[in-house]
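No experiment lies behind these values; they were computed from the predicted model shown.
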Amino acid sequence: MFEDFRLKVFVAVAEEGSFTKAAARLGVTQPAISQNVADLEKMTGVKLFSRLRGEVQLTPQGEVFMKYVHNILDACSSAGNMFSSVTPAKVRVSATEEVFRYVFMPALETFLKVHPDVVVERALFEDADLRLVLEKAPESPFEQNPDAVLRLRMSVSPAMKMGDFAATHEKITYFDLLFQPSAAFACTKACRLMKNYLASLL
């Protein structure tokens, strides 16, 4: 939706190692591939590919540029998902009052501004379109359950004694808030957009 086709060309050439294969992958002509690469090299002011013995490889500058391209394409994909249209929907969420009010709804604030026709309300488990479940994460805070949509940081500090600053420290535990849609809701566009949005908050 927001992607620059030249960036797709750049990635295709880098991954295929060939202008011809990149053209076949993207369904365009080889001259079109060459022109798009030339445009990017003119814009960046550096040589992005080395052409040796029929093979195409990224230059050191091209490897650095690739990191930016991935970030740009990821951002474009997220924006496309966020602003994709969705039909009016009522989403019934099963969660504790605290999690629903103080975690889930604040997290959805931006999403609901973009999709005002999506109405979210708290429901009982048996009537829910989706359930929010807290589960303890792996020991490493960098490991993450693929179904996790939000990470909570829960801090516990002991009471500070006057003049005893060593007594102030923070113990941190990590929990994952899991997003579990019902079978009926899982196949809807509203569910996909909401899940993609929540995943972007990680």
Side-chain angles (χ1 to χ4, degrees), residues 1-12 26 40 43-44 65-138 140-157 170 172-202:
M1 182 177 179
F2 301 105
E3 296 170 353
D4 188 325
F5 183 70
R6 289 170 295 188
L7 299 182
K8 283 190 171 183
V9 168
F10 174 77
V11 172
L26 296 175
L40 282 176
M43 291 171 61
T44 59
F65 185 61
M66 177 65 83
K67 296 178 182 179
Y68 287 94
V69 169
H70 281 312
N71 290 336
I72 293 169
L73 292 178
D74 287 345
C76 288
S77 177
S78 295
N81 285 332
M82 180 63 168
F83 291 95
S84 178
S85 62
V86 60
T87 56
K90 178 180 288 186
V91 182
R92 299 181 303 274
V93 180
S94 176
T96 64
E97 178 67 27
E98 293 79 7
V99 169
F100 181 79
R101 179 178 297 183
Y102 299 112
V103 178
F104 188 67
M105 290 306 293
L108 277 185
E109 182 178 1
T110 300
F111 180 87
L112 295 176
K113 286 180 180 178
V114 177
H115 301 287
D117 290 333
V118 176
V119 177
V120 180
E121 63 181 29
R122 187 165 171 254
L124 298 175
F125 279 94
E126 59 268 20
D127 296 327
D129 295 309
L130 63 92
R131 297 169 59 228
L132 302 180
V133 182
L134 282 173
E135 291 189 358
K136 192 170 183 178
S140 170
F142 301 105
E143 294 179 9
Q144 181 177 298
N145 188 303
D147 293 328
V149 295
L150 199 62
R151 175 144 288 172
L152 303 179
R153 173 176 163 174
M154 306 184 69
S155 303
V156 179
S157 298
E170 190 176 66
I172 301 173
T173 55
Y174 290 87
F175 293 82
D176 287 330
L177 187 62
L178 301 184
F179 177 91
Q180 299 178 348
S182 67
F185 184 59
C187 65
T188 66
K189 191 172 185 179
C191 179
R192 177 177 60 82
L193 293 180
M194 189 178 293
K195 189 168 186 177
N196 288 339
Y197 170 71
L198 291 170
S200 72
L201 300 180
L202 289 171

Visitor: Is there a side-chain contact (heavy atoms from CB on, under 4.5 Å) between L198 and L108 once you walk through the steps?
Guide: CA-CA 8 Å; L198 291 170; L108 277 185; 4.0 Å; yes

Visitor: Applying salt bridge (Lys or Arg N to Asp or Glu O under 4.0 Å), can you list everything that pairs with R131, at least two apart in sequence or on another chain?
Guide: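 None.
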
Visitor: Do M194 and V118 have side chains that approach each other closer than 4.5 Å (heavy atoms only, starting at C-beta)?
Guide: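 The answer is yes; the side chains approach within 4.5 Å.
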
Visitor: Please evaluate residues E98 and V103 with respect to the criterion side-chain contact (heavy atoms from CB on, under 4.5 Å), reporting the C-alpha separation (whole Å), side-chain torsions for both, the decisive distance (0.1 Å), and the verdict.
Guide: CA-CA 7 Å; E98 293 79 7; V103 178; over 6 Å; no

Visitor: Identify, with sequence neighbours excluded, every residue that meets ring-ring contact (aromatic ring centres under 6.0 Å, His included) alongside F65.
Guide: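 For F65 the ring-ring contact (aromatic ring centres under 6.0 Å, His included) partners, ignoring immediate neighbours, are F10.
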
Visitor: Under the rule for salt bridge (Lys or Arg N to Asp or Glu O under 4.0 Å), what residues qualify as partners of E97, not counting sequence neighbours?
Guide: R101, R122

Visitor: Do you know which two heavy atoms are closest between T188 and A184, and how far apart they sit?
Guide: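 So the two residues come closest at CG2-O, 3.6 Å.
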
Visitor: Tell me every residue that passes side-chain hydrogen bond (donor to acceptor under 3.5 Å, both in side chains) with N196, counting only those two or more places apart in sequence or in another chain.
Guide: none

Visitor: Under the side-chain hydrogen bond (donor to acceptor under 3.5 Å, both in side chains) rule, collect the residues that match up with R192, sequence neighbours excluded.
Guide: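 So R192 forms no side-chain hydrogen bond (donor to acceptor under 3.5 Å, both in side chains) with any residue.
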
Visitor: F185 and C191: which non-hydrogen atoms are nearest, and at how many Å?
Guide: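 What the structure gives for the nearest pair is O-CB, 3.0 Å.
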
Visitor: Going from NE2 on H115 to CZ on F83, what distance comes out if it is rounded to the nearest 0.5 angstrom?
Guide: 7.5 Å

Visitor: In Å, rounded to the nearest 0.5 Å, how long is the span from OG of S77 to CD1 of I72?
Guide: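 It comes to 13.5 Å.
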
Visitor: side-chain hydrogen bond (donor to acceptor under 3.5 Å, both in side chains): which pairs involve residues 86-96, sequence neighbours left out?
Guide: R92-D129

Visitor: Mind checking side chain to side chain contact (heavy atoms under 4.5 Å, CB included) for M82 and listing every partner two or more places apart, or none if nothing turns up?
Guide: T110, F111, V114, Y197

Visitor: Hey, is the main chain of L73 close enough, under 3.5 Å, to the side chain of K8 for a donor-acceptor pair?
Guide: no

Visitor: Show, in sequence, the C-alpha distance, side-chain angles and deciding distance for K195 and L130, and conclude whether the side-chain contact (heavy atoms from CB on, under 4.5 Å) test is met.
Guide: CA-CA 11 Å; K195 189 168 186 177; L130 63 92; over 6 Å; no

Visitor: Taking the side chain as every heavy atom from C-beta outward, state whether V93 and M105 have any pair of such atoms under 4.5 Å apart.
Guide: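 They are not in side-chain contact.
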
Visitor: What closest approach, in Å, do A128 and S182 show between heavy atoms, and which atom pair accounts for it?
Guide: O-CB, 4.1 Å

